[in-house]
Amino acid sequence: MAAVPEPVDTVFHARGLAKVYRTGEVEVHALREVDLDIARGEFIVLLGPSGSGKSTLLNILGGLDVPSAGEVMFCDHNLSTASESELTAYRRDHVGFVFQFYNLIPSLTVRENVALVTDIVENPMPADEAIDRVGLTPRRDHFPAQLSGGEQQRVAIARAIVKRPEVLLCDEPTGALDYQTGKLVLDVIARINNEIGTTAIIITHNAAIAGMADRVIYLGDGRIQRIEVNARKLKPSELSW
Ligand SMILES: Nc1ncnc2c1ncn2[C@@H]1O[C@H](COP(=O)(O)OP(=O)(O)O)[C@@H](O)[C@H]1O
Ligand SMILES: [Mg+2]
């Protein structure tokens with residue numbers, strides 16, 4: 001008997017997404033006619049030149065920005081018609097963000113930075129578990145200034161995952177790091193995707209990272225230029241750059 005294919009559990013569904021930024025007389029078309037579906041548990045790498053619309057797309061998926069036209073759904077949440085307070089609740093309950101700069105609170109220890117989040121969300125993982133998942137248990141009583149850039153970024157990842165988000169959105173998480181340290185950080189994100197099944201979308205300038213993804217989405221001039229599917233995901237240690 002033929003196997004019945006598993007139904008795909010789509011977390012993001014976007015159709016005809018467009019974003020126009022208007023500054024006085026000037027209009028910038030940051031996204032044009034973007035159609036995209038992302039399945040639960042996927043590991044997506046977003047590539048493209050500076051200004052191609054990567055951050056705009058990620059910000060719309062994360063409820064930090066809204067499209068000018070088109071529809072975007074997260075499961076049954078319509079993000080294109082959501083109010084400010086609905087978007088705030090969506091971000092709090094479902095999304096972990098990691099940015100290029102770590103935005104840690106300098107006067108709080110690693111554990112305290114992570115525990116801040118566990119106070120405001122339902123059903124978080126224990127702060128120590130999140131810290132363990134990023135390999136920083138020995139450093140949990142240190143302050144950010146006592147840590148390297150890569151370690152600080154791993155604290156930011158622990159802070160993002162402690163609420164057990166369904167999606168982890170990372171905008172150039174290795175942008176301020178050297179290659180070796182960047183690999184470590186990417187390895188942490190890949191392990192979280194693997195072990196917890198968190199859907200992960202990562203923006204990067206580094207095309208070598210593409211091998212880690214289930215799918216690589218190339219943006220250019222606000223459009224999806226092409227999508228590549230990797231038959232086998234590589235571990236960061238197998239990547240060379
Ligand atoms: N808040 C904004 N106001 C005006 N223009 C913006 C704004 N954000 C982004 N843009 C413009 O939209 C385009 C896409 O930007 P962005 O999504 O940040 O690209 P990327 O992340 O790929 O570098 C760029 O031309 C950028 O200058
Ligand atoms: Mg960007």
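When a ligand or atom number is given, it counts from 1 through the structure's own listing order.
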Would you check if there is a donor-acceptor pair between the side chains of [Y] and [X] at a distance under 3.5 Å?
X: D132; Y: T137; result: yes
X: N113; Y: Y102; result: no
X: S55; Y: D171; result: yes

Apart from M73 itself, what residues make up its hydrophobic cluster, given side-chain heavy atom links below 4.5 Å? none
Atom pairs and distances, ligand 1 N/O vs protein N/O under 3.5 Å:
residue	atom	partner	partner atom	Å
ligand 1	17 (O)	T56	N	2.9
ligand 1	17 (O)	T56	OG1	2.5
ligand 1	19 (O)	G53	N	3.2
ligand 1	21 (O)	S55	N	2.9
ligand 1	21 (O)	S55	OG	2.9
ligand 1	22 (O)	S52	N	3.1
ligand 1	22 (O)	S52	OG	3.4
ligand 1	22 (O)	G53	N	3.1
ligand 1	22 (O)	K54	N	2.9
ligand 1	22 (O)	K54	NZ	2.8
ligand 1	23 (O)	G51	N	2.7

Is it true that, when you exclude E27 itself, more than 12 heavy atoms of the residues, nucleotides or ligands shown sit nearer than 6.0 Å to its CD?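 Yes.
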Under 30°, 30 to 60°, or over 60°: which ring-plane class applies to F97 and F99, parallel, tilted or perpendicular? parallel
Cationic N near anionic O, under 4.0 Å, D37 to R15: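 Salt bridge between D37 and R15, a charged N being under 4.0 Å from a carboxylate O: yes.
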Check the Mg ion (ligand 2) and write out every protein N, O or S atom at under 2.8 Å, as residue and atom.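 N, O, S partners closer than 2.8 Å: S55 OG.
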Going by salt bridge (Lys or Arg N to Asp or Glu O under 4.0 Å), name the residues that satisfy it together with R215, two or more places apart in sequence or in a different chain. E42
Starting at CG of L17, measure out to CG of L31 and round the result to the nearest 0.5 Å.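 Separation between the atoms: 6.5 Å.
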